[in-house]
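Worksheet: the structure to be examined is printed underneath.
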2 protein chains.
Amino acid sequence: MSITADLIRGHTETIILAQLLQHDSYGYEINKAVRQISGNRFELKEATLYTAFKRMEEAGQITSYWGGELTGARRRYYCITDAGRKYYNAQLALWEEAKSILDKLIETEG
Amino acid sequence: MSITADLIRGHTETIILAQLLQHDSYGYEINKAVRQISGNRFELKEATLYTAFKRMEEAGQITSYWGGELTGARRRYYCITDAGRKYYNAQLALWEEAKSILDKLIETEG
DNA sequence: ACGAGATACCTCTCCTGTCAAGGTATCTCG
DNA sequence: CGAGATACCTTGACAGGAGAGGTATCTCGT
């Protein structure tokens, strides 16, 4: 995990929402997906993940329900709401903007 | 100023160092440059700027000296050190990596 | 002569997101 | 029966950002 959190800070919710856009999911699975997609270069820490879930549910971006597992550990599934979709789209646009601004600001060739 | 701070968080020092790479400068001037380069879409808040200066000087990335202004407000100039240049290069590489990872993580087309 | 505004610096204090550490419970496999 | 995986959650501390407040000097218009 080479990427430090501060560079990613503020994107946690967007990362989670991007996963939930594809299908309902739960904490462990989301984290596995993040690790896999990033080629093991980044992961969400559990404490970060669960505090984000709580924050986002309070903000109405996601809802949750217990999965009906008959065996194994129980899972709490999360589902993106319309508000969550809107928030995701807004954050995606902000990321594009931040990216272009930061490229200009920190790359001296510009 | 549409870009929220959390998306930029962790990049403050790199932004400052990128400016100092070009020439010694002082707080107000750096901030003006940042505003101008970003097309007025981003600025460093003064408190953020000056706490960063202090942190970076303690870390040995920059040194400072008072300008010899004979008139007008006094200016404290900052100068990047070799350690600062190394840090900047490392941060730049991390930014490139973070960018590619985040693009994969938050853009659902991938 | 005087006030407004620009230039330029600095600190105090609070807020927020991250995360190390610790905890719970269930299942599988040797 | 113990180790390791799956899966959840909370507490407490930390660090960076920023609102609000403060200082001092110069310029320009009236």
Side-chain angles (χ1 to χ4, degrees), chain A residues 1 3-17 19 24-36 42-59 61-62 64-78 87 91 98 102 105, chain B residues 1-17 19 24-36 42-59 61-62 64-78 87 91 98 102:
Chain A
M1 304 303 164
I3 292 298
T4 64
D6 265 349
L7 301 187
I8 303 289
R9 191 175 177 120
H11 299 290
T12 303
E13 303 182 1
T14 316
I15 291 171
I16 293 170
L17 290 175
Q19 290 304 307
D24 290 10
S25 188
Y26 55 96
Y28 228 72
E29 190 179 54
I30 290 175
N31 219 353
K32 264 192 297 184
V34 165
R35 238 180 279 128
Q36 185 256 310
F42 181 65
E43 69 176 339
L44 295 169
K45 302 300 181 309
E46 286 199 10
T48 305
L49 190 60
Y50 290 109
T51 51
F53 280 147
K54 201 177 178 188
R55 206 189 315 139
M56 291 161 77
E57 191 159 17
E58 273 161 16
Q61 290 153 12
I62 57 176
S64 70
Y65 56 93
W66 285 103
E69 285 72 34
L70 300 173
T71 178
R74 76 220 156 123
R75 299 169 179 168
R76 184 193 281 278
Y77 282 86
Y78 292 92
Y87 181 76
Q91 287 304 114
L102 264 175
L105 283 174
Chain B
M1 303 298 165
S2 59
I3 291 297
T4 64
D6 264 351
L7 300 188
I8 302 290
R9 191 178 175 115
H11 299 290
T12 304
E13 304 183 1
T14 315
I15 291 170
I16 292 171
L17 290 175
Q19 290 304 308
D24 291 9
S25 188
Y26 56 95
Y28 227 71
E29 188 179 56
I30 290 175
N31 218 354
K32 263 193 299 184
V34 166
R35 240 180 278 128
Q36 184 256 310
F42 180 65
E43 69 176 340
L44 294 168
K45 303 301 181 306
E46 286 198 10
T48 303
L49 191 60
Y50 290 108
T51 52
F53 281 146
K54 201 177 175 188
R55 208 188 312 138
M56 292 161 78
E57 192 159 17
E58 273 162 15
Q61 289 153 14
I62 56 176
S64 69
Y65 56 92
W66 285 103
E69 285 71 35
L70 299 174
T71 178
R74 78 220 155 121
R75 300 167 177 168
R76 184 194 281 278
Y77 282 86
Y78 292 93
Y87 182 76
Q91 287 305 114
L102 264 175

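Here the structure is a predicted model, which is why all the values come from computation and not from measurement. The basis for the numbers below is simple: all heavy atoms, side chains too, and nothing from hydrogens, waters or symmetry mates.
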Give A:Thr48 one of three labels, base, sugar-phosphate or nothing, depending on what nucleic acid heavy atoms sit under 4.0 Å from its own. base
Among the candidates C:dC27, C:dC9, C:dC19, find the nucleotide nearest to the side-chain atoms of A:Thr71. C:dC27
To the nearest 0.5 Å, what is the distance between CG on A:Leu105 and CD on B:Gln19? 7.0 Å
Checking contacts here: which listed nucleotide (D:dC26, C:dC19, D:dA18) is nearest the side-chain heavy atoms of A:Lys45? C:dC19
Whole-Å distance, A:Arg75 CZ to D:dA5 P, equals 17 Å
Pick the closest DNA chain C nucleotide for B:Lys54 and for B:Tyr26 by heavy atoms, then say which residue is nearer the 5' end. B:Tyr26
Write down the distance between CG (A:Asn31) and P (C:dT18), rounded to a whole number of angstrom. 13 Å
Taking CD from A:Glu57 and P from D:dC9, how many angstroms apart are they, rounded to a whole number? 9 Å
Side chain to side chain, B:Arg75 and B:Glu29, heavy atoms closer than 4.5 Å: no
Candidate nucleotides C:dC9, D:dC9, C:dC19, ranked by approach to the side chain of B:Trp66 - the nearest: C:dC9
Closer than 4.0 Å, any side-chain N/O of A:Thr12 to the OP1 or OP2 of C:dT18? yes
Starting at CZ of B:Arg76 and ending at P of C:dT7, how long is that distance when rounded to a whole Å? 21 Å
Which of D:dC26, C:dA8, D:dC9 is nearest the side chain of A:Tyr78? It is D:dC9
Applying a 4.0 Å non-hydrogen cut-off, can you work out what A:Glu69 is touching in the nucleic acid: base, sugar-phosphate, or nothing? nothing
How far apart are the closest heavy atoms of B:Tyr28 and B:Tyr50, and which atoms are they? N-OH, 4.3 Å
Can you tell me the pairing partner of C:dT7 across any strand shown, Watson-Crick or G-U wobble, with both distances under 3.5 angstrom? D:dA24
From the set D:dC8, C:dT16, C:dA8, return the single nucleotide nearest to any side-chain atom of B:Tyr50. C:dA8
Mind calculating the distance between CG (A:Leu49) and P (D:dA7) to the nearest angstrom? 13 Å
In this structure, how many angstroms lie between the C1' atom of D:dT6 and the CZ atom of A:Arg35, rounded? 12 Å
Are the side chains of A:Phe53 and A:Arg76 in touch, meaning some heavy atoms are under 4.5 Å apart? no
Pairwise side-chain contact, B:Tyr78 with B:Ile16, heavy-atom cut-off 4.5 Å (strictly under): no
Out of D:dA7, C:dA8, D:dG17, which has the shortest distance to the side chain of A:Ala73? D:dA7
Can you say whether a donor on the side chain of A:Arg9 sits under 3.5 Å from an acceptor on the base of C:dG17, or the other way round? yes
Provide, to the nearest angstrom, the distance between the OH atom belonging to B:Tyr28 and the P atom belonging to D:dT23. 17 Å
Phosphate contact (D:dG17 OP1 or OP2) by B:Arg55 side-chain N/O below 4.0 Å: yes
Assign each of B:Glu46 and A:Lys32 the nucleotide of DNA chain D bearing its closest heavy atom; nearer the 5' end lies the nucleotide of A:Lys32
Which class fits the ring pair B:Tyr26 and B:Tyr77: parallel under 30°, tilted 30 to 60°, perpendicular over 60°? perpendicular
Identify, between A:Thr51 and B:His11, the residue whose nearest nucleotide on DNA chain D lies closer to the 5' end. A:Thr51
How long is the line joining CD of B:Glu13 and P of D:dG16, in whole Å? 7 Å
